[in-house]
Engineer: 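Following this message is one structure expressed as structure tokens.
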Amino acid sequence: MQDSEIKDTYNTIENAVENILFKEKNSKFIGYAYPITSENEVKTHLENLKKEHFSARHWCYAYQIGTETLRFRANDDGEPSNSAGMPIYGQIQSFEITNVLIVVVRYFGGVKLGVGGLISAYKTTAQLTLEEADIVEKTIDKHFKITFDYKNMNKVMRIIKEKNLDIVNQKMELNCEIEIATRKKNAQQTFDIFSTLFEIEIEEIEE
């Protein structure tokens with residue numbers, strides 16, 4: 001696979017979007033979208049929304065996390081099966097984004113919408129919410145740990161500078177450790193450069 005063929009970018013939302021209102025037959029649907037990187041954040045956002053909207057009837061959501069291996073979940077939260085979570089998830093797919101959580105809070109207005117009406121309302125609310133979001137492209141980065149003696153510092157730092165590598169953290173003592181990050185498509189080349197150097201070790205850090 002050529003470097004140019006390696007996909008090393010993904011789209012996500014820059015900031016949270018809140019309180020996007022959609023009304024259908026007296027029911028109120030309120031959309032929220034959050035950038036996330038873990039399931040724990042999903043729990044926190046849901047707990048906060050349940051406190052804020054304690055008298056709502058449903059808190060339906062969908063999320064997708066990951067860049068190369070995708071994990072997703074869709075939850076109907078008491079609505080008829082596949083009438084809420086999957087229509088919300090469909091919008092995540094439609095906008096081609098990841099690392100995102102969308103929650104739609106529903107206040108029941110006394111008129112039943114039927115499954116078709118629910119699917120349409122949850123889909124529309126999720127769509128309106130994402131239309132308000134700033135969608136940004138980010139790079140998929142690989143992290144490496146470089147270990148070397150202090151005397152080889154200049155050699156290592158020169159390459160980091162030449163190759164425009166990001167230093168994530170560093171420990172400078174007699175034995176030095178630097179964690180670097182580089183775009184996925186440059187990862188193999190970066191690894192090869194350091195692994196051929198005398199007295200310098202490099203290893204990939206699994207995320």
Side-chain angles (χ1 to χ4, degrees), residues 1-17 20 31-45 60-75 82 85-104 122-147 156-170 177-197 200-207:
M1 198 182 212
Q2 292 298 307
D3 283 352
S4 58
E5 290 173 21
I6 294 176
K7 177 157 171 52
D8 71 347
T9 59
Y10 64 96
N11 291 334
T12 189
I13 63 172
E14 182 75 59
N15 300 304
V17 177
I20 304 298
Y32 294 82
Y34 302 98
I36 57 165
T37 52
S38 74
E39 269 101 353
N40 284 340
E41 291 171 79
V42 172
K43 208 169 137 212
T44 304
H45 287 307
C60 305
Y61 66 89
Y63 65 80
Q64 180 159 282
I65 300 173
T67 51
E68 292 163 284
T69 309
L70 297 175
R71 301 194 303 285
F72 77 91
R73 181 151 184 233
N75 189 313
N82 293 329
M86 283 314 282
I88 296 170
Y89 181 61
Q91 290 306 298
I92 293 176
Q93 291 176 301
S94 178
F95 280 77
E96 296 182 341
I97 52 176
T98 190
N99 290 356
V100 64
L101 163 69
I102 300 175
V103 184
V104 177
Y122 280 105
K123 176 190 166 193
T124 302
T125 309
Q127 181 184 344
L128 292 172
T129 304
L130 285 176
E131 281 171 358
E132 290 297 316
D134 286 330
I135 294 173
V136 289
E137 184 179 77
K138 296 195 172 183
T139 59
I140 300 169
D141 294 336
K142 292 286 183 193
H143 289 239
F144 295 102
K145 183 171 82 176
I146 306 164
T147 314
V156 171
M157 292 314 249
R158 191 178 69 245
I159 296 169
I160 288 174
K161 198 170 171 196
E162 275 173 13
K163 297 294 172 188
N164 209 11
L165 304 171
D166 292 326
I167 295 178
V168 180
N169 54 52
Q170 52 190 6
E177 277 182 16
I178 296 183
E179 182 184 336
I180 57 165
T182 184
R183 288 182 65 153
K184 184 184 169 189
K185 68 179 177 188
N186 300 327
Q188 191 61 50
Q189 181 197 30
T190 301
F191 183 84
D192 292 346
I193 289 168
F194 282 106
S195 59
T196 55
L197 293 177
I200 292 170
E201 288 179 20
I202 181 167
E203 58 180 307
E204 184 175 339
I205 300 169
E206 296 296 332
E207 294 283 311

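Computed from heavy atoms alone, side chains included, the values below leave out hydrogens, waters and symmetry copies.
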Engineer: Donor-acceptor check, side chain of Thr147 to backbone of Glu177, threshold 3.5 angstrom: yes or no?
Structural biologist: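 Such a contact is absent between Thr147 side chain and Glu177 backbone.
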
Engineer: Does CD belonging to Glu201 count more than 12 external heavy atoms closer than 6.0 Å?
Structural biologist: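 Result for CD/Glu201: open.
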
Engineer: To the nearest 0.5 Å, tell me how far Arg183 CZ sits from Gln189 CD.
Structural biologist: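 Reported to 0.5 Å precision, the distance equals 13.0 Å.
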
Engineer: Work out which heavy atom in Ile140 is nearest to a heavy atom in Lys7; give both atom names and the distance.
Structural biologist: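 Heavy atoms only, the tightest pair is CD1-O, 3.9 Å.
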
Engineer: What distance do Lys43 atom NZ and Ile36 atom CD1 have between them, rounded to the nearest 0.5 Å?
Structural biologist: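 Answer for the NZ-CD1 pair, Lys43 versus Ile36, is 14.0 Å.
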
Engineer: Any side-chain heavy-atom pair from Ile167 and Met157 closer than 4.5 angstrom?
Structural biologist: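 Ile167 vs Met157: side chains touch.
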
Engineer: Is it the case that over 12 heavy atoms from other parts of the model lie below 6.0 angstrom from the CD atom of Glu162?
Structural biologist: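 Yes, the 6.0 Å shell around CD holds more than 12 heavy atoms from other groups.
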
Engineer: Under the criterion side-chain hydrogen bond (donor to acceptor under 3.5 Å, both in side chains), I'd like the reasoning laid out for Asp141 against Thr139: C-alpha separation, chi angles, the key distance, then a yes or no.
Structural biologist: CA-CA 6 Å; Asp141 294 336; Thr139 59; 2.9 Å; yes

Engineer: Between the main-chain N or O of Lys185 and the side-chain N or O of Asp8, is there a donor-acceptor pair closer than 3.5 Å?
Structural biologist: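 Yes; at least one donor-acceptor contact below 3.5 Å.
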
Engineer: Pairs under 3.5 angstrom only: tabulate donor-acceptor contacts from the side chains of residues 65-73 to other protein residues two or more places apart or in another chain.
Structural biologist:
| residue | atom | partner | partner atom | Å |
| --- | --- | --- | --- | --- |
| Glu68 | OE2 | Lys184 | NZ | 2.6 |
| Arg71 | NE | Glu39 | OE2 | 3.3 |
| Arg71 | NH2 | Glu39 | OE1 | 3.4 |
| Arg73 | NH1 | Tyr61 | OH | 3.1 |

Engineer: Rounded to the nearest 0.5 Å, how far apart are CD of Gln188 and OG1 of Thr182?
Structural biologist: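 Rounded to the nearest 0.5 Å, the CD-OG1 separation comes out at 11.5 Å.
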
Engineer: Which atom names give the shortest non-hydrogen contact between Thr129 and Val17, and what distance separates them?
Structural biologist: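 Smallest heavy-atom distance, with atoms named: O-CG1, 3.7 Å.
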
Engineer: Does a side-chain heavy-atom distance below 4.5 Å link Asn99 with Pro35?
Structural biologist: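 No. Closest side-chain heavy atoms not under 4.5 Å.
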
Engineer: If you count heavy atoms of other groups shown closer than 6.0 angstrom to CG of Asn169, is the number above 12?
Structural biologist: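 Yes, enclosed.
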
Engineer: Is Lys142 close to Asn186 at the side-chain level, that is, under 4.5 Å between some pair of heavy atoms?
Structural biologist: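 No, too far: nothing below the 4.5 Å cut-off.
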
Engineer: Show your reasoning for whether side-chain contact (heavy atoms from CB on, under 4.5 Å) applies to His45 and Val103.
Structural biologist: CA-CA 9 Å; His45 287 307; Val103 184; 5.5 Å; no

Engineer: Can you name the one residue among Thr124, Thr125, Leu130 that meets side chain to side chain contact (heavy atoms under 4.5 Å, CB included) with Leu128?
Structural biologist: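 Testing Leu128 for a side chain to side chain contact (heavy atoms under 4.5 Å, CB included) against Thr124, Thr125, Leu130 leaves exactly one candidate, Thr124.
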
Engineer: In Å and rounded to the nearest 0.5 Å, what is the CD to CD1 distance from Glu203 to Ile146?
Structural biologist: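 Atom-to-atom, Glu203:CD and Ile146:CD1 are 10.5 Å apart.
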
Engineer: Compare all side-chain heavy atoms of Ile205 with those of Glu179 and state whether any distance is below 4.5 angstrom.
Structural biologist: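 Heavy-atom side-chain distance check passes, below 4.5 Å.
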
Engineer: For a quick test of reading the model, state the closest non-hydrogen atom pair linking Pro87 to Asn82 and the distance between them.
Structural biologist: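 Residues Pro87 and Asn82, closest heavy atoms: CD-O, 3.5 Å.
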
Engineer: Any side-chain heavy-atom pair from Val168 and His143 closer than 4.5 angstrom?
Structural biologist: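 A side-chain contact under 4.5 Å exists here.
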
Engineer: Answer yes or no: is there a side-chain heavy-atom contact under 4.5 Å between Phe194 and Ile160?
Structural biologist: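 Side chain of Phe194 against side chain of Ile160, heavy atoms only: contact under 4.5 Å found.
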
Engineer: Which pair of non-hydrogen atoms, one from Ala62 and one from Gly85, has the smallest distance, and what is that distance?
Structural biologist: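 Of all heavy-atom pairs spanning Ala62 and Gly85, the closest is CB-O, 3.6 Å.
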
Engineer: Could you tell me which non-hydrogen atom of Ala126 sits nearest to which non-hydrogen atom of Val104, and how far apart they are?
Structural biologist: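 Looking at all heavy atoms of both residues, the shortest contact is N-CG2, 4.4 Å.
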
Engineer: What distance separates Thr190 OG1 from Ile202 CD1, expressed to the nearest 0.5 Å?
Structural biologist: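 Atom-to-atom, Thr190:OG1 and Ile202:CD1 are 7.0 Å apart.
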
Engineer: Heavy-atom distance under 4.5 Å between the side chains of Phe95 and Asn11, does that happen here?
Structural biologist: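 No, too far: nothing below the 4.5 Å cut-off.
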
Engineer: Quick one: pull up CD1 in Ile13 and CD1 in Ile102 and give me the separation to the nearest 0.5 Å.
Structural biologist: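 It comes to 7.5 Å.
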
Engineer: Short question: side chain of Glu41, backbone of Ser38 - any donor-acceptor pair under 3.5 Å?
Structural biologist: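 Yes: the side chain of Glu41 pairs with the backbone of Ser38.
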
